[in-house]
Amino acid sequence: MLGLTQAFAALYLASLLMQLGSTLLMTYLALRLTAGGVAEFWGGALMAANALGMVVGGKVGQVLIGRVGHIRTYVACSGIICAAVLMHAFSEALPLWLLLRFVVGVAMMCQLMVVESWLNDCAQSDQRGRVLGIYMVAAYVGMMLGQLALSIDGNLGLHALLGVVIAFALSQVPVALTRSTHPTIPGSEPVDLRLFLQRVPQSLFTVLISGMINGGFYGLSSIYASRQGLSTVEVGQFMALAIAAGLLAQLPLGWLSDRLPRASLIRGVAALLILTCLPLAFYQGLSFGVLLLFSACIGFLQFCLYPLGVALANDNMEPRLRVSLAGLLLATFGVGACIGPLLAGALMGHFGPSSLYLFFAISAAVLAVAVGQGRVTGEHLQDDAPLQHQATPNALACTTLAAVIEPAVSVEERVEEAPSQRL
C-alpha cells in the first residue's frame, strides 16, 4: 500500500488540493449569501449551476484530453478556475456568480477526468482497486480540510477566496512535474438509454435520489448550520464531520454490499436516513454537540446510496456495457445534483432552513418505496456479480468516470507499458 501511495503521490496530492479548494469555495459562497440575507433558493441555484457545469464538463474534458493531452488540459483548467474564483471578489451580482459556478464546474470536471483516467490507466489490473481506494481517501481528506479551512478566515473575507486560488494553483505543480507518460485513449461503446432504463431502473432512480440529496448537502447544509446560530468555524466542523462519516461508511458498506441483497440494503439505508433527518427537520435550537451527532449519522448514510446503486446496476450489466453504464450513472447523479438544490432551496425559502432535512427525508422515503428486492428479477444477473464496491463520488466525480473517458486496456498491454508509466 505504501508503494502505491508513493508511485501515484503526485496525482493523490493534486486531488487533495483540488478538493480542498472546491469544498472551501462552495461553503464560503453559501455562507456569504447567508450573511448578505439572500434567499436560500440562490444557495441551491449556485450548487445547481456547479453541478450542471460538471455534467457539461464531462464532454468538454473528453474533447480537451483528446486534443491537447492530460497535463495541458489540467493546467489550463486550473488557470481558468483561479481566474473565476478571483472574479467573485469584483462583484456580488448573483447572475455573475451563477455563471462563475458553471465555469468552475466545467473546468473542475475536466481536471477530475485527467486525474481519474490517469490513475485508472496507469494502475495494473490487480492494483486498480487499491489505487482508486487511496485516491478516494485523498479526495475525502481534501474535502474535510476544505471545510475546516474556514477557521482561517471566520469573517468570510478575501482570504478565503485567496486560499481557494492557492489550493488550485498548487495542485498544478505535482501534475506539471510528473514524468509519467500519458495514458492511451481507446473508444467506448455508445450509451443505449432504453436498454439501461429497462435493465436497471431501480439503480438509476437510486443514483438520481443520491444526487439530489448530495447536491442539497453540499449547497445548502452550511446555510442550515449558519441559520442554527453556528459560527463560521462551527459550520466548517459540521460539514467536515459529515464528510468524514461518509468516508468511514465505505468500509462496512463494502463488506455488507457484497454479502446482502443490494436493493434491500438501499431500502434499509433510506429508512434509516428518514429517521435521522426528521429530528433536524422538526426540532429547533439543538445544541452544537447534538447537531454534530446528527450530521455524522446523516453523512454516514447519505454517502452509501450512490455506491449501492452503482453496484446493483453493474450486477445486472454485461462487462462490455459497463463503460457506457458508468457514464450514464454519472450523468444521472449530475441531473439529481442540479434538481435537488433548487427544490430544497425553494423549500427553505418558504418554510425555513429546517425544511432542508425534511426534503432529505421525503427523498429517502420515495426511494424506500420505489426500490426493493422484490422488484429485482435476477434475469440479467452476471456471473461475476457481486462486483467490487465503489465509493461515493466526490461531489460529482467518481472513480467510474475514468472508465468512461479511458477504459482499461488489456492486461497484456499493461505489462508492456508498465515500466514507462511510473510517477
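Since the structure is predicted, the reported quantities are computational estimates derived from the model, not experimental observations.
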Could you tell me whether the side chain of Ser295 and the main chain of Leu291 form a donor-acceptor pair under 3.5 Å?
no
Please check this pair: side chain of Thr276 against backbone of Leu273, looking for a donor-acceptor N/O pair closer than 3.5 Å.
yes
Check Cys110 against Thr73 and note the closest heavy-atom contact, atom names and distance.
CB-CG2, 4.3 Å
Considering residues at least two apart in sequence or located in another chain, which fulfil the side chain to side chain contact (heavy atoms under 4.5 Å, CB included) criterion with Ala167?
Leu20
Pairwise side-chain contact, Arg267 with Arg262, heavy-atom cut-off 4.5 Å (strictly under):
no
Backbone N/O of Tyr218 and side chain of Ser222: donor-acceptor pair under 3.5 Å:
no
Under 3.5 Å donor-acceptor, Ser354 side chain and Phe282 backbone
no
Ignoring hydrogens and angles, tell me if any N or O in the side chain of Ser171 forms a donor-acceptor pair with the backbone of Phe168 under 3.5 Å.
yes
Trp97, CH2 atom: more than 12 neighbouring heavy atoms under 6.0 Å
yes
Start with the C-alpha gap between Tyr74 and His70, add the side-chain angles, then the distance that decides, and say whether side-chain contact (heavy atoms from CB on, under 4.5 Å) holds.
CA-CA 6 Å; Tyr74 189 95; His70 290 69; over 6 Å; no
Where the side chain of Glu234 meets the backbone of Ser231, is there a donor-acceptor pair that is under 3.5 Å apart?
yes
Ignoring hydrogens and geometry, is there a side-chain-to-backbone donor-acceptor pair from Ser203 to Ala313 under 3.5 Å?
yes
Would you call the rings of Phe303 and Phe217 parallel, tilted or perpendicular if under 30° counts as parallel and over 60° as perpendicular?
perpendicular
Does Leu16 have any side chain to side chain contact (heavy atoms under 4.5 Å, CB included) partners at least two apart in sequence or in another chain, and if so, which?
Val141, Leu145
Taking Phe359's backbone N and O only, do any of them form a donor-acceptor pair with Ser363's side chain (distance below 3.5 Å, no angle check)?
yes
With no hydrogens and no angle check, is any side-chain donor or acceptor of Gln250 less than 3.5 Å from a backbone partner on Gly246?
yes
Any sub-3.5 Å donor-acceptor pair from Thr332's side-chain atoms to Leu328's backbone N or O?
yes
Which residue pairs satisfy the salt bridge (charged side-chain N to carboxylate O under 4.0 Å, His left out) criterion with at least one member in residues 210-230, sequence neighbours excluded?
Glu40-Arg227
Is it the case that the side chains of Gln147 and Thr23 hold a donor-acceptor pair, with the cut-off being a distance below 3.5 Å and no angle test?
no
For Gly334 and Ala51 the tightest heavy-atom approach is O-CB, 4.1 Å
